[in-house]
Amino acid sequence: MENQKKRIFSGIQPSGELTLGSYMGAIKSWVNLQDQYECVYCIVDMHAITVRQVPADLRRRALEQLAQYIACGLDPEKNIMFIQSHVPQHAELSWVLSCYTQFGELSRMTQFKQKSQQHADNITAGLFTYPVLMAADILLYQTDLVPVGADQKQHVEICRDIAQRFNGVYSETFTLPEPFIPKMGARVMSLASPENKMSKSDPGGCVYLLEKPEDILRKFKKAVTDSEAAVRFDPAGKPGVSNLMQIYAAATGKSLEDIEAEFDGQGYGIFKETVGEAVVELLRPFREETQRLLADKAYLEGVYRQGAERASRIAGRTLSKVYKKVGFLPR
Ligand code: TRP
């Protein structure tokens, strides 16, 4: 019997290095989902090529990300983890769905408008139909819940619209997915400009999960604070200090009051150093485990092959239904 757990699908682009922000804000909470839900994690390399990638980097990051998710505690037996391009049903369903998607509704996608400005010299059909491939990702697995940030909500909505339209024409085929906002950890801000979210595109303010301890410590020492010299939680008035306090709280489990007491009467120098050291210690086992996994290519290959097989079995069932409903002759 199939299990009755709700299914979660999430896609992650292998287009940059993972950061402390993504770890504390998202990945850590995924570990808590794995017993309660049936989780499918897809490394979406096909989405990544909607903008130019260096092929060797794309390959390396796909494998590195898989290793990092496992190192964070995602169990490849409990979760289905795979690479999008290994499961051909994604491209196949995407084509069918593109014939049930309006040019006009894709033109209204905020991300398309933004990205086509950023990459004005390379506005491809792939960038335009990106949400259709994302809809295929989600719908192939009869997904109930899609954990997404605010920037991807519109894409989940268009996915629902496409699914509903298809179901309306051909009878119930796809589960309608809901956006899912998991209980988030801390919202980690940039160390260099603490009014902005920590982002991989801002190397000075951002800590990468695989970064060397001395580099991490240096970034914390340079973290922007204020001139008051008091460790006190006040996100509006003291964004830099408050961000460091939150990071320290997330890394050590201490409360904000305890942290205020711990650094009462001390300067920022020792505070920033202590936070940096706590982050280094938090990330050390994770970095070592990632490196151990990356040295064991055979193991990682086994994980993504087995993941693709399990994914393909589910995806294949959905795709056959779809092919039958639209009227393709069975082979
Ligand atoms: N578009 C998502 C992002 O950039 C990645 C993604 C691709 C995704 N397919 C998905 C997310 C399916 C959730 C579900 O973040």
Side-chain angles (χ1 to χ4, degrees), residues 6-19 21-23 25-27 29-30 33 37-53 58 61-62 65-66 68-69 74 79-95 97-98 101 106 108-116 118-119 124 126-163 174-182 184 197-201 307-308 311 314-315 318:
K6 288 203 167 176
R7 189 173 282 150
I8 287 182
F9 183 98
S10 190
I12 313 106
Q13 293 215 39
S15 56
E17 318 297 329
L18 297 181
T19 70
S22 53
Y23 178 71
I27 305 170
S29 66
W30 296 352
L33 301 175
Y37 298 95
E38 192 186 328
C39 300
V40 184
Y41 293 109
C42 175
I43 297 179
V44 294
D45 52 353
M46 290 162 67
H47 277 103
I49 63 160
T50 52
V51 301
R52 281 276 174 279
Q53 301 289 338
L58 185 61
R61 282 195 305 250
Q65 271 193 7
L66 182 68
Q68 291 185 76
Y69 290 123
L74 291 182
N79 306 278
I80 300 180
M81 300 161 87
F82 72 103
I83 316 262
Q84 189 182 29
S85 62
H86 293 179
V87 178
Q89 288 89 352
H90 290 250
E92 293 172 315
L93 181 63
S94 182
W95 173 254
L97 295 181
S98 74
T101 306
L106 288 176
R108 287 192 293 274
M109 292 292 115
T110 312
Q111 182 175 297
F112 172 70
K113 290 191 229 167
Q114 280 169 353
K115 284 206 180 174
S116 48
Q118 284 164 10
H119 305 274
T124 65
L127 192 61
F128 187 64
T129 58
Y130 177 115
V132 182
L133 179 59
M134 178 161 162
D137 296 343
I138 296 168
L139 298 178
L140 276 174
Y141 300 92
Q142 306 294 351
T143 300
D144 299 293
L145 301 167
V146 184
V148 281
D151 66 319
Q152 295 297 317
K153 252 187 105 183
Q154 201 183 26
H155 289 162
V156 179
E157 273 153 26
I158 195 176
C159 169
R160 283 175 63 91
D161 292 342
I162 298 168
F174 298 121
T175 303
L176 290 190
E178 312 258 2
F180 173 63
I181 316 291
M184 279 292 179
K197 221 174 104 175
M198 182 177 280
S199 152
K200 59 193 170 194
S201 54
I314 304 171
T318 304

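All heavy atoms count here, side chains included; hydrogens, waters and symmetry mates do not. Worth saying up front: this structure is predicted, and the values here are computed from it rather than measured. Atoms within a ligand are numbered from 1 in the order they appear, just like the ligands themselves.
Looking only at distances, a side-chain donor or acceptor of Gln142 sits under 3.5 Å from a matching main-chain atom of Thr175.
Taking the six-membered ring wherever Trp is involved, the centroid distance between the rings of Tyr141 and His90 falls below 6.0 Å.
Between the side chains of Gln111 and Asp151, no donor N or O sits under 3.5 Å from an acceptor N or O.
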Pair Tyr69-Ile12, side-chain contact (heavy atoms from CB on, under 4.5 Å): steps then yes or no: CA-CA 11 Å; Tyr69 290 123; Ile12 313 106; 2.9 Å; yes
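Closer than 4.0 angstrom to ligand 1 lie heavy atoms from Phe9, Gly11, Gln13, Val44, His47, Tyr130, Met134, Asp137, Ile138, Val146, Gln152.
In this structure the side chain of Ile8 reaches within 4.5 angstrom of the side chain of Pro147, judged on heavy atoms.
Look at Arg7 and Glu38 and you find a salt bridge, because one of the NZ, NE, NH1 or NH2 atoms lies within 4.0 Å of a carboxylate O, short of that distance.
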